[in-house]
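One structure below.
Below, chain A is the first sequence line, B the second, and so on; all start at residue 1.
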Amino acid sequence: MTEAFTERFLTARRELIRREFSDLNERQREAVLTTEGPLLLLAGAGSGKTTVLIHRIANLIRFGCASDSRECPDWITEADVEQMEQALRLPGPMTPEIAARCALRPVAPWSIIAITFTNKAAGELKDRLEAMLGAQAQDIWAMTFHSACCRILRREIDRLGYTGRFTIYDTADSERVMKDVMHDAHIDERELPARLILNQISRAKDRMLFPEDYEKRAADYREQLVSRCYVDYQRRLREANALDFDDIILLTVKLLQDYEEVREAYQRKFRYVLVDEYQDTNNLQYLLTALLAGGYENLCVVGDDDQSIYRFRGATIENILNFENQFKNAKLIRLEQNYRSTKAILDAANAVIKHNRGRKGKTLWTKNEDGVGITLKRAVNEAEEANYVAGRIFAMKGSGSYRDFAILYRTNAQSNALERAFKFNGIPYRIIGGTRFFDRAEVKDMLAYLWVINNRADNLRLLRVVNNPPRGIGAKTLETVDRLAEAAGLPLYLVLSDPYHYPALEKSAAKLMSFVLLIEECAALLDTLSLPDFYDALVEKTGYAAMLEAKGDVESRTRLENVRELRSSLVGYVENHPDDASLNGFLEEIALYTDIEAYDASADAVVMMTMHAAKGLEFPHVFLVGMEEGLFPSLRCIGEQEEMEEERRLCYVAMTRAKKSLTVTCAQQRMLYGRTTANKVSRFVEEIPQDCLANPVQKQRQSLGPQPRQSPGLPYPPQHRPSRPFQSFVQNAPAKELPEYRPGDSVVHTAFGRGMVISVNKMGNDALLEIAFDGKGTKRLMARTASAHMKKA
DNA sequence: TATCGTAGTGTTTTT
DNA sequence: CACTACGATA
């Protein structure tokens, strides 16, 4: 094989591959084709970083690692090269045959791990990879830090004295444990709140300080208190075979550090490591990343220091800033071209973020059109603000669709006023986050049963269900059980399953035994029944359903619906895991999936969420509401340089979600925890240059922006408390008692007479109906409310 | 032992 | 305002 031949082949191959990624810009392509070694991708908002990530993986799998390879395999023939050169002269993508010739040392999908922060991001990554690569994409480890660690731990955690059936405690569970710890240690919560201690512990874990290490370092009295709590807290978790969120990462790092054979196995497995949102990693996550990538050092991290918004939970931008020191020969590529937003939006966002001092410094630019200026609205209160947003969306929508609009706020509580205004004005909406399904007491109860069946040592969950529904096992008995367990060094369950062994439990022995039998009986069903059927049996056998049915009030019925709704989560899980469905797997998924994606994404609705939740998303039209000093930036950040900068980054993230238009609103006064407060306009608004605004400040007092059509402004509903006991969540449950409306149905309304349903827009457990009434015009009504005055004809 | 009522408390963002 | 913790009562 001559040198000239090799050269021809390599040139043709390189050019073909470059052309395969011709829809990327120069920098993006460089990022895709730089496959070896440490790579830091500084990717601004809207710079197409996810696309780059996906193409990068696709390139590895399709063409192999070395786009700059110097080798020419001996199976390449003259005919091959000629074919390749000819293909170069023709437009269009490669044929499969030619692609196969270009594939030198293709990378196995299972040797790639792509880590993200949120499940949403991981899901999107998976979907897009699958769309591009087909079934082989399933072997790529595309998941969150936590789920990746769980997967490793399930296999390896035995070494650390836990079992693979470990339980995961969420923040609420951790807090419960900590409160118990403090109660037993006679530490007053008013002196030192449990949350604060947990925060300290979390920070200790981030620095890899185990209880015994922390104990040695505890300097002052306060730290000694924390230390005592830490020791006991960790002991309880260990005894319950339970891990909190931090432990999941911490123990994985420990495992990889201390056990050479484990470390080597994973380092050999993962030839390519990719980490998204690197600016949000904490120290532990950095260590984990470094360990995983430690074998081949093919590590690509993507991040944007301006979008770091999780400092409050330990994320440190240092990881980005130090990357080039930590990894020798790291390459840096900046992606600064923005493909998402108009110039006006980008200018405004750039101007705001410029006020931060601790940044790596970059300026996004775009070839997009100038676009319209940013609209600013000052409302008198949150009701008017919400109403304004509703009206403006209604006016802007035209023939477009509602899903083009997003409303972003700082705190979940702000959704209330918006929800009311949208309901009243008949605009369909969808709320992401907020009160979570899995946080509902009744759902947690059922989950607690499942956890206990999965891991009998889970004391916390055991205590939650042992007397729920009431079985006559009261606080007194449980105290005794606890004491005995403590003395014997056994999990509660073992003591209470052997009550005749302890004289002190004589009196309640029968009750305890029947509970234990119940649990064991249910657990046995797991072997014979499918997960959903097993769950049905559980709901009945435990008497939980009966308890709720007996009460029979509205609230209980709603709760029963939620209990049954959990079944569909199980069904969904089983469908997604045809081969490896297990109770353990289901519970893990639930524990790590705080944000439930069960909403109907196909419905055409305005979406509302916190600014944090919006990271990584984009919308044609974005509304930023509640832009007031004290709310955003939040009160506790004012006067704190560092925290203020984080808040500003959050603002930057929020603004850069918008593609075409950005509307910024605030209220002169608003109800905040039952108190009316007057707030100044947010400093972030002041930081937007005048010439980016559609309506410069002077004119602000007059009507701004287009008025809602039904002027003078849509009426705001009277302050009635909509009777909503626990309604907030049934959102996802099919509302059985509601008549199903379909377009074309004839209806009779007590006030409007005869009409025909034109459109139905599902919104949670309700639906927005558009009905043309004979002689009364077209009305928009919520199905739930309207049904009281209307029936199908 | 279960339930109800009251007083007190704390309110960001998420895996 | 909303939620929790705790204490009094059936």
Can you see which heavy atom on A:Thr542 is nearest to which on A:Tyr449, and at what distance?
CG2-CE2, 3.6 Å
Assuming nearest nucleotide by heavy-atom distance, tell me which of A:Lys511 and A:His612 is located more 5' along DNA chain B.
A:Lys511
Could you pick out which residue, A:Ser508 or A:Glu646, lies toward the 5' side of DNA chain B when each is mapped onto its nearest nucleotide?
A:Ser508
Look at [X] together with [Y] and state whether they make a salt bridge at an N to O cut-off of under 4.0 Å.
X	Y	answer
A:Arg311	A:Glu645	no
A:Arg683	A:Glu647	no
A:Arg203	A:Asp246	no
A:Arg359	A:Asp306	yes

Of all the choices, B:dT14, B:dT13, B:dT11, which nucleotide is nearest to the side chain of A:Thr411 once you look at every atom?
B:dT13
Among B:dT15, B:dT13, B:dT11, the one nearest any side-chain atom of A:Arg195 is B:dT11
Once the angle between the rings of A:Tyr266 and A:Phe270 is folded into 0 to 90°, is it parallel (under 30°), tilted (30 to 60°) or perpendicular (over 60°)?
parallel
Looking at A:Phe166, I'd like to know if the NZ or CZ of A:Arg154 sits under 6.0 Å from its six-membered ring centre while staying within 45 degrees of the ring's axis.
yes
Looking for any heavy atom pair under 4.0 Å, which part of the strands does [X] touch: base, sugar-phosphate only, or nothing?
X	value
A:Phe145	nothing
A:Phe117	sugar-phosphate
A:Asn467	sugar-phosphate

Between A:Phe424 and A:Phe422, is the ring centre distance below 6.0 Å?
no
Strand-adjacent residues in residues 171-183 of chain A, judged by heavy atoms under 4.0 Å from DNA chain C
A:Arg176, A:Lys179
Residues, nucleotides or ligands: over 12 heavy atoms within 6.0 Å of A:His183 NE2
no
Which whole-number value in Å describes the distance from [X] [atom1] to [N] [atom2]?
X	N	atom1	atom2	value
A:Leu192	B:dG10	CG	P	13 Å
A:Leu198	B:dT14	CG	P	18 Å
A:Arg311	B:dT13	CZ	C1'	13 Å
A:Leu592	B:dT14	CG	P	16 Å
A:Arg471	B:dT1	CZ	P	15 Å
A:Arg313	B:dT14	CZ	P	9 Å
A:Tyr310	B:dT15	OH	P	6 Å
A:Leu288	B:dT15	CG	C1'	14 Å

I need the residues from residues 472-482 of chain A with at least one non-hydrogen atom less than 4.0 Å from DNA chain B; give them sorted by number, or say none.
A:Gly472, A:Gly474, A:Lys476, A:Thr477
For the C1' atoms, the ones on C:dT4 and on B:dT13, what distance do you get once it is rounded to whole angstrom?
22 Å
A:Ser202 side-chain N/O to B:dT15 phosphate OP1/OP2 under 4.0 Å
no
By ring-ring contact (aromatic ring centres under 6.0 Å, His included), which residues pair with A:Phe684, not counting sequence neighbours?
A:Phe632
